[in-house]
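Each ligand, and each atom within it, is numbered from 1 in the order the structure gives.
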Amino acid sequence: MKMVKTPVYMDNHATTRVDPRVLEAMLPYFGEMYGNAGSTTHYFGWAAKTRVGQARATIAELLGAKTKEIIFTSGATESNNLALCGAAAKLADKGKHIISVSSEHPSVLDPLVKLQRSGFELTLLPVTQAGLITAQQVDEAVRDNTILVSVMLANNEIGVIHPIRRIAEVCRRRGVLLHCDATQAIGKMPVHVDELGVDLMSFSAHKIYGPKGIGALYVRSRKPRVRLQSLIDGGGQEGGLRSGTLNVPGIIGLARAMELCYEAMPEEPLRLRQLRNRLWEGLTSSLSDVTLNGPALDDANLRLPDNLNVSFGHVDGEALLMSMKDLALSTGSACSSSNPEPSHVLRALGLGHDLTLGSVRFGLGRFNTAEEVEFAIELVTQTVTRLRGMSSLA
Ligand SMILES: *Cc1c(COP(=O)(O)O)cnc(C)c1O
């Protein structure tokens, strides 16, 4: 086998390594620049506040937003909760119907189910076999009392990219707010809030080579002005929408991480797409009975460049991963790994039980090399072949 440093990490949809350039930008703010950005009476506070302002401006500019539209949170989970529960609370007297999709992340689905238990009506749209919904499905689901639509930009398990711009046109025409979980899409494709037409948008630093525990919510300030009810109250930070002392190093890290991703476009997504396509080609040329889950790989508009989700027939995905200590992959979604149920996303695609259990997700990233891809092809091929041999003996 090719010589690579093991174990090899290919689980970049779950989290990513902090880029050394991001760490470098953050370090002074753990050290001598330790001020509270809310302290207005001394140098330490001013320095932190100024730097947070710069970071906010950088993020806003990259997304085509205004600085006051960026609300810092602890990550995309909190951003999703704030967007959905915060908007629902403000709009409850206008209507109680919310539309989303069956393959959303648990941090969207679980708050929506909670809202449903408290009296909201929820429509979860089914997806096609490729994992897609259409704008027409949204249009048909909107009712007189619909207040909110939530659709992710790119899916974390199968990398499918939803037609958000067209969905936004429907939402605008029908007078309904659109929330978008863009956590997996940011940094891998152009994301601009006005071009997409979103009203609320969640994202997170640790999926784009930034630190864990910091994210943001974009909240549109005009046409329409979106109003939210806060979930966390206290000192009134972030315009009262999210109290708590600002995570200064994290905010600086998020801004630097986004800057680096935008600087590396479009070359880096192209490099990842080539590596991903080589991975698929290598696996399918040496193994039979390998199924691609999600949309075709050749349509760059329909699938993230870094994602490959495959099912190996007659092999249990969990058993496969446990047999490969030198390669870090995941089955289903790590976000719900405490839950032994097969992936709700793959079930939403209509995959049979066997293929759902045999599925494995490869998430390529900035630090993966062509040698590592060759290593993964060889190791997975050997291991699947061995496991299949064992099961035919049994
Ligand atoms: C990882 C992820 C989240 C959760 O983000 P955290 O910052 O870890 O809370 C939400 N949505 C999607 C699509 C994700 O991939």
So if I count the atoms of ligand 1 from 1 in the order they appear, which ones are less than 4.0 Å from some heavy atom of Ala76? 3 (C), 4 (C), 5 (O), 6 (P), 7 (O), 9 (O), 10 (C)
For Ala87 and Leu200, which heavy atoms make the closest approach, and how far apart are they? CB-CD1, 4.3 Å
If you count every heavy atom of other residues, nucleotides or ligands that lies below 6.0 Å from Tyr34 atom OH, does the total exceed 12? no
Could you tell me whether Arg222 atom CZ has more than 12 heavy atoms of other residues or ligands within 6.0 Å of it? no
Between Lys207 and ligand 1, which part of the residue brings a heavy atom under 4.0 Å of the ligand: side chain, backbone, both or neither? side chain
What atoms of ligand 1 come closer than 4.0 angstrom to any heavy atom of Met152? 13 (C)
More than 12 heavy atoms of other groups within 6.0 Å of Arg165 CZ: no
Which bit of His206 is near ligand 1, meaning a heavy atom under 4.0 Å away: side chain, backbone, both or neither? side chain
If you count the atoms of ligand 1 from 1 in the order shown, which ones are under 4.0 Å from a heavy atom of Asn156? 13 (C), 15 (O)
Quick test of your reading of the structure: of Asp181, Thr77, Asn81, Ile214, whose heavy atom lies closest to atom 12 (C) of ligand 1? Asp181
Compare every heavy atom of Arg361 with every heavy atom of Asp11, then report the nearest pair and how far apart it is. OD1-NH2, 3.2 Å
Gly215: heavy atom below 4.0 Å from ligand 1, yes or no? no
Any atoms of ligand 1 less than 4.0 Å from a non-hydrogen atom of Gly75? List them with their elements. 7 (O)
Taking all non-hydrogen atoms of both residues, which atom of Tyr218 and which atom of Val198 are closest, and how far apart? CE2-O, 3.6 Å
State the atoms of ligand 1, each with its element, that fall below the 4.0 Å cut-off from a heavy-atom position in Ser204. 6 (P), 7 (O)
Checking the N or O distance criterion of under 3.5 Å, is ligand 1 in contact with Glu78? no
Before accepting this row, confirm whether a basic side-chain N of the pair Glu24/Arg21 lies closer than 4.0 Å to the acidic partner's carboxylate O. no
Sub-4.0 Å atoms of ligand 1 with respect to non-hydrogen atoms of Ser107: 10 (C)
